2 protein chains.
Amino acid sequence: MDSLELRPIGVIRSKLKERSQAPKQGSEGAPDVWVEVHPFAAQALDGVAVGDELIVLTWLHRAQRDTLKVHPRSDPKRRLMGVFATRSPDRPNPIGLHQVTVRRIERNRVRIGPIEAIDGTPVIDIKPVLCEIQKV
Amino acid sequence: MDSLELRPIGVIRSKLKERSQAPKQGSEGAPDVWVEVHPFAAQALDGVAVGDELIVLTWLHRAQRDTLKVHPRSDPKRRLMGVFATRSPDRPNPIGLHQVTVRRIERNRVRIGPIEAIDGTPVIDIKPVLCEIQKV
């Protein structure tokens, strides 16, 4: 099977150091973090402004890629479901999808939140929210 | 720099064959398509149902990965912006983010739409929309 190569465009710097400390969703009490955008991609931030709503895509590097079914929200009372019907980080391509607000910008560092991704998580893309549409 | 390997979990089968035929967003007149989920990942569909709202992540394989600035919506009258402030497919990691509705399910094939991704586009993840949150 073909594979496709992702190139991280930045990294999360968070006070959350372990997956066990992280809430399941940003809206569940997650902190603000810094995204350090790598120098090769810094120009791509031009136009991002404080107050913007962004979608940040991360690579959840501690996830299990061979997991195809899970108990939703790790609740053993809920029946096993396919990971495509859940937001489990454990999935074939562990891409995290986070809606955040921009708090501050310092050259190639962007303060965003709230976000549950832990310290050291690679960032793979940043996109604006499209206001005329829709829920993540 | 580290790279990360994506493994496609499926492929788009669409009547749109060329990027030039595709609308810029699914909401701008895009068709329904089939997603053929590869056999290794078919179990991960368990729990996905007709009528569900999903986020489909694709790999926009015809995009330019070395583009860091664009004129938004290819409009030369708009100033050049960093790609992280736009939804341009041309970006370091050309990941497409599409909100769709499930129309039909046939074993490992899922009919979804509307979606602007062209025929042959690799699918890299499928997630449910979280209703309590937020706009893409």
Side-chain angles (χ1 to χ4, degrees), chain A residues 1-9 25-27 37-38 40-49 52-57 59 61 65 67-70 72 79-88 91-95 97 99 110 122 124-136, chain B residues 1-9 25-27 37-38 40-49 52-57 59 61 65 67-70 72 79-88 91-95 97 99 110 122 124-136:
Chain A
M1 187 169 305
D2 291 345
S3 70
L4 309 171
E5 187 184 316
L6 284 173
R7 192 177 180 196
I9 61 93
Q25 294 295 327
S27 59
V37 174
H38 297 318
F40 87 88
Q43 272 194 73
L45 284 175
D46 181 34
V48 173
D52 284 358
E53 294 281 293
L54 299 177
I55 307 288
V56 173
L57 280 72
W59 183 259
H61 59 306
R65 300 186 66 175
T67 299
L68 295 176
K69 294 202 174 190
V70 295
R79 82 165 178 91
L80 276 175
M81 300 264 280
V83 292
F84 298 153
T86 81
R87 294 294 278 256
S88 171
R91 53 206 309 120
N93 293 302
I95 296 175
L97 189 60
Q99 184 170 343
V110 186
I124 57 174
D125 202 5
I126 298 172
K127 300 178 188 292
V129 170
L130 294 180
C131 290
E132 76 262 45
I133 320 183
Q134 79 222 135
K135 296 159 282 180
V136 168
Chain B
M1 185 170 306
D2 292 346
S3 71
L4 309 171
E5 188 185 316
L6 283 174
R7 191 176 181 196
I9 60 95
Q25 295 294 328
S27 58
V37 174
H38 297 320
F40 86 88
Q43 272 195 74
L45 285 175
D46 181 33
V48 173
D52 284 357
E53 295 281 292
L54 299 179
I55 307 288
V56 173
L57 280 73
W59 184 258
H61 58 307
R65 300 187 65 176
T67 299
L68 295 175
K69 293 201 174 192
V70 294
R79 81 165 178 89
L80 275 175
M81 300 266 278
V83 292
F84 298 154
T86 82
R87 294 293 280 255
S88 171
R91 53 204 311 119
N93 294 302
I95 296 174
L97 188 60
Q99 184 171 343
V110 186
I124 56 175
D125 202 4
I126 298 173
K127 300 178 189 290
V129 170
L130 294 181
C131 292
E132 75 262 47
I133 321 183
Q134 77 224 139
K135 295 161 282 182
V136 167

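Just so it is clear, the structure is predicted and the values come from calculations on it, not from any experiment. Proteins get letters first, then strands, A, B, ... in listed order; numbering begins at 1 in each.
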Smallest heavy-atom separation, A:F84 atom then B:V37 atom, equals CE1-CG1, 4.5 Å
Applying side chain to side chain contact (heavy atoms under 4.5 Å, CB included) to B:A42 and not counting sequence neighbours gives B:N108
Per-residue tally against chain B (heavy atom, under 4.5 Å) across A:G47, A:A44, A:G82 peaks at A:A44
Applying a strict 4.5 Å limit to non-hydrogen atoms, the region of A:P122 in contact with chain B is side chain
So CG of B:L97 and NZ of A:K127: to nearest 0.5 Å the spacing works out to 6.0 Å
Heavy-atom side-chain contact between B:D46 and A:R79 under 4.5 Å:
yes
Is there a side-chain contact between B:L6 and A:I95, using heavy atoms and a 4.5 Å cut-off? yes
In short, B:D125 meets A:N93 closest at the heavy-atom pair OD2-O, 3.6 Å
Closest non-hydrogen contact found for A:R91 with B:I126 is NH2-O, 2.7 Å
Is there a side-chain contact between A:L57 and B:L57, using heavy atoms and a 4.5 Å cut-off?
yes
Under the 3.5 angstrom rule, does the side chain of A:R87 hit a backbone N or O of B:P128 as a donor-acceptor pair?
yes
When the 4.5 angstrom heavy-atom criterion is applied to A:T86 and chain B, the contacting part is backbone
Applying a strict 4.5 Å limit to non-hydrogen atoms, the region of A:K69 in contact with chain B is side chain
